[in-house]
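Structure, as structure tokens:
Sequence positions, counted from 1, serve as the residue numbers for this chain. From a predicted model like this one, the values you see are computed outputs, not experimental measurements. The figures that follow rest on heavy atoms only: side chains count, while hydrogens, waters and symmetry mates do not. For ligands, and for the atoms within them, numbers begin at 1 and follow the listed sequence.
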Amino acid sequence: MSNRRKFLSKTILSTIGISIGSILPISCKENSSTNKVVENSKTNLEFPIVLSTWSNQKANDKAIEVMKKGGSALDAVEQGVMIVEADEKDQSVGIGGRPDRDGNVTLDACIMNSKGDCGSVSFLQNIKHPIQVARKVMEDTPHVMLVGQGAQKFAIENGFERQNLLTEASRKDWEEWKKESKYKPIINIENHDTIGMLAIDKNGDISGACTTSGLAFKMQGRVGDSPIIGAGLFIDNEIGGATATGMGEAILKTLGSFLVVELMRQGMSPQEACEEAVMRIVRKQDYKSFQIGYIALNKKGEMGSYCIHSDFVYTISGAEESKIENSK
Ligand code: SD4
């Protein structure tokens with residue numbers, strides 16, 4: 001192991017040790033002396049770390065598994081969020097996502113690696129795993145973003161299967177919604193389950209992914225923050241990463257994830273940066289009717305999260321343990 005790698009691992013391990021130590025169940029903390037908890041955590045918890053929006057244990061487990069087997073943070077975030085994209089019961093992401101007001105399921109996703117490369121798809125229909133298409137855009141085209149028909153054509157040309165993404169449950173919800181056709185996003189309940197995921201692999205490199213079906217019953221053609229680099233996701237391998245969930249329009253107006261990373265660059269902790277990014281929205285917009293949640297991770301493995309209204313949770317995983325936390 002190079003000196004630099006040793007140093008990084010040590011720094012991050014101790015940071016993670018403390019972070020995960022602080023999220024251990026109370027009973028576990030109480031049974032051990034403080035030193036022992038930290039010491040145990042250090043021994044048990046090797047890099048990698050995964051942080052994701054909402055309660056996404058299975059997705060985090062997958063991401064950790066990928067990195068434990070030697071995969072990169074990029075492989076981890078891609079395969080991690082694919083778990084949610086494939087879950088028909090999750091009506092905010094991938095197959096089973098609630099449709100727009102005309103009955104079309106349209107998906108948005110983006111991915112960013114530690115070199116600062118990124119790929120994105122938006123208004124993508126009939127393809128179950130938009131995050132894989134986003135990665136292909138990043139790696140196999142000279143572009144960053146493909147949308148709509150063009151994105152679908154690119155996906156099909158690259159072997160992705162065309163399939164109907166509107167499940168019976170989401171079709172029924174849409175039929176129900178059409179009775180009144182009122183578009184009124186509700187805090188937390190308006191299917192704010194978009195998954196944004198940040199991961200640091202054992203080399204200390206960070207990557208991120210974000211994927212969603214966007215707001216339920218949105219206007220046809222509406223695109224939120226999630227596929228927009230800097231809004232729904234931003235990674236800078238020198239500093240850290242951030243990702244967002246909630247009302248995309250508010251995040252877009254402040255380029256929220258980029259803002260969080262830039263605030264960390266200026267010296268803020270991930271927590272302070274998330275708080276300031278939320279406050280930029282709160283100061284200017286009528287925040288009472290919508291939710292925003294940010295999560296952030298810096299290169300030392302320190303984490304932060306902040307939201308406007310309560311009930312935003314996020315999932316933190318180390319190599320050996322995970323916890324769902326309430327955001328401040
Ligand atoms: C959007 N930010 O399309 C997404 C929605 C979301 O959990 O986060 N849902 O605006």
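By the 30° and 60° cut-offs, the orientation of the rings of W177 relative to F217 is parallel.
Each of the atoms 6 (C), 7 (O), 8 (O), 9 (N) of ligand 1 lies under 4.0 Å from some heavy atom of T245. Within ligand 1, counting atoms from 1 as listed, the ones closer than 4.0 Å to a heavy atom of S226 are 2 (N), 4 (C). Listed by number with element, the atoms of ligand 1 under 4.0 angstrom from any heavy atom of D193 are 7 (O), 9 (N). Those atoms of ligand 1 that come under 4.0 Å of a heavy atom in D225, given as number and element, are 1 (C), 2 (N), 4 (C), 10 (O).
Taking the charged nitrogens against the carboxylate oxygens, K172 and E175 have no contact shorter than 4.0 Å, which rules out a salt bridge. Comment: K68 engages E320 in a salt bridge, judged by a side-chain N to carboxylate O separation of less than 4.0 angstrom.
Considering backbone and side-chain atoms together, D108 places no N or O closer than 3.5 Å to any N or O of ligand 1. Close N/O approach between A244 and ligand 1 is not found [any backbone or side-chain N/O within under 3.5 Å].
Distances shorter than 4.0 angstrom occur between a heavy atom of R222 and an atom of ligand 1.
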Which atom pairs, donor and acceptor, lie under 3.5 Å between side-chain atoms of residues 221-232 and protein residues at least two apart or in another chain?
unit_1	atom_1	unit_2	atom_2	d
R222	NE	E249	OE2	2.9
R222	NH2	E249	OE1	2.8
R222	NH2	E249	OE2	3.2

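Residues G256 and Y294 approach most closely at CA-OH, 3.1 Å, considering heavy atoms.
Comparing G214, G224, G246 against atom 4 (C) of ligand 1, the shortest heavy-atom distance belongs to G246.
By the side-chain contact (heavy atoms from CB on, under 4.5 Å) test, A273 is found to be paired with V260, L263, M264, M268, residues two or more places apart in sequence or in another chain being considered.
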